[in-house]
Asker: 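Just dropping this structure here.
Just so it is clear, the values below take in all heavy atoms, side chains as well, and ignore hydrogens, waters and symmetry mates. Bear in mind the structure is a predicted one, so any value in this text is a computation, not a measurement.
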Amino acid sequence: MNRAKLKVVSFWILTSLLTFELIYGALWDFNVINRGYVYGVLEHLGYPLYLALILAYSKILAAVVIILPGLLLPKEWAYAGSIILFFAAFASHVIVGDTIAQSGFALGLGVIALWSWALRPSGRRILPLRNSLK
């Protein structure tokens with residue numbers, strides 16, 4: 001497999017994992033799956049419980065925007081929000097004294113989101129201003 005094809009395959013694998021996690025995580029946040037678990041985590045981290053609903057809707061929107069073609073500027077915002085979400089979750093767990101085993105999943109998801117963003121094909125990137133004027 002050549003380098004360009006490997007990059008495209010890697011992008012789609014990472015992007016599929018990211019969008020799956022965003023949708024699956026939203027179902028947890030909506031309290032559809034494993035009822036009460038997210039509320040316990042939010043309480044443990046010191047966040048208000050209504051944050052679960054905000055995160056759930058944000059994750060659904062981000063997943064849809066990331067997976068759809070076009071929507072280049074919203075896609076940048078969706079990636080940024082996802083990366084911040086996962087790295088902030090990691091930091092929150094570390095700050096309250098959780099172990100790497102408890103916080104590492106969020107760190108891993110942040111890395112997946114960052115790599116998905118970095119490997120985007122050119123059609124999923126905003127062109128620099130100097131190139132778009134030519």
Asker: Minimum heavy-atom separation for Leu49 and Leu42, please, with both atom names.
Answerer: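 What the structure gives for the nearest pair is O-CD1, 3.9 Å.
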Asker: With rounding to the nearest 0.5 Å, note down the distance linking CG in Leu55 to OH in Tyr50.
Answerer: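 Leu55 atom CG to Tyr50 atom OH measures 11.0 Å (nearest 0.5 Å).
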Asker: Checking side chain to side chain contact (heavy atoms under 4.5 Å, CB included) between Ser82 and each of Leu114, Thr19, Leu22, which is the one that passes?
Answerer: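 Checked Leu114, Thr19, Leu22 against Ser82; only one passes side chain to side chain contact (heavy atoms under 4.5 Å, CB included): Leu22.
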Asker: Linking I/L/V/M/F/W/Y whenever their side-chain heavy atoms sit closer than 4.5 Å, directly or via other members, would Ile23 and Trp12 fall into one cluster?
Answerer: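 Looking at the clustering, Trp12 is in the same group as Ile23.
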Asker: To the nearest 0.5 Å, how far apart are CZ in Phe86 and CZ in Phe105?
Answerer: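 Rounded to the nearest 0.5 Å, the CZ-CZ separation comes to 8.0 Å.
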Asker: Report, as yes or no, whether the 6.0 Å neighbourhood of atom CH2 on Trp115 holds more than 12 heavy atoms from other residues, nucleotides or ligands.
Answerer: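 12 or below, so no.
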Asker: Return yes if some donor-acceptor pair links the side-chain N/O of Lys75 with the main-chain N/O of Ile126 below 3.5 Å, else return no.
Answerer: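 Checking the backbone N and O of Ile126 against the side chain of Lys75, no donor-acceptor pair under 3.5 Å is found.
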Asker: Can you tell me how far the CZ atom of Arg125 sits from the CG atom of Leu72, to the nearest 0.5 Å?
Answerer: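 If we round to the nearest 0.5 Å, Arg125:CZ and Leu72:CG are 11.0 Å apart.
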Asker: Would you please name every residue forming a side chain to side chain donor-acceptor pair (under 3.5 Å) with Glu76, sequence neighbours left out?
Answerer: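 By the side chain to side chain donor-acceptor pair (under 3.5 Å) rule, Glu76 matches Trp117, Arg120.
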Asker: Is it possible for you to say whether Leu61 and Ile54 belong to one hydrophobic cluster, with membership spreading through side-chain heavy-atom contacts below 4.5 Å?
Answerer: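 No; tracing contacts between hydrophobic side chains, which count when under 4.5 Å, never links both residues.
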Asker: Any side-chain to backbone donor/acceptor pair from Ser116 onto Ile112? Under 3.5 Å, distance only.
Answerer: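 No, because the side chain of Ser116 does not come within donor-acceptor range (under 3.5 Å) of the backbone of Ile112.
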Asker: Which heavy atom in Ser103 sits nearest to a heavy atom in His93, and how many Å separate them?
Answerer: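 Minimum heavy-atom separation between Ser103 and His93: CB-CB, 3.3 Å.
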Asker: Honestly curious: do Tyr37 and Ile33 fall in one hydrophobic cluster under the side-chain, below-4.5 Å linking rule?
Answerer: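 Yes: a chain of side-chain contacts under 4.5 Å links Tyr37 to Ile33.
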Asker: What do you reckon, is CH2 of Trp77 surrounded by more than 12 foreign heavy atoms closer than 6.0 Å?
Answerer: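 Atom CH2 in Trp77 is not crowded, with 12 or fewer foreign heavy atoms closer than 6.0 Å.
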Asker: What are the two closest heavy atoms between Ala52 and Val38, and how far apart are they?
Answerer: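 That would be CB-CG1, 4.0 Å.
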Asker: Would you check if the side chain of Glu21 reaches a backbone N or O of Leu18 as a donor-acceptor pair within less than 3.5 Å?
Answerer: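 It does not hold such a pair.
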Asker: Counting only heavy atoms from other residues, nucleotides and ligands, does the tally under 6.0 Å from CZ of Phe11 exceed 12?
Answerer: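 Correct, the count exceeds 12.
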Asker: Backbone N or O of Ile67 within a donor-acceptor pair of the Arg124 side chain at under 3.5 Å?
Answerer: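 Here the side-chain-to-backbone pair exists.
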Asker: Would you compute the distance between atom CG of Leu109 and atom CG of Leu85 and round it to the nearest 0.5 angstrom?
Answerer: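 Going from CG on Leu109 over to CG on Leu85, the span is 8.5 Å.
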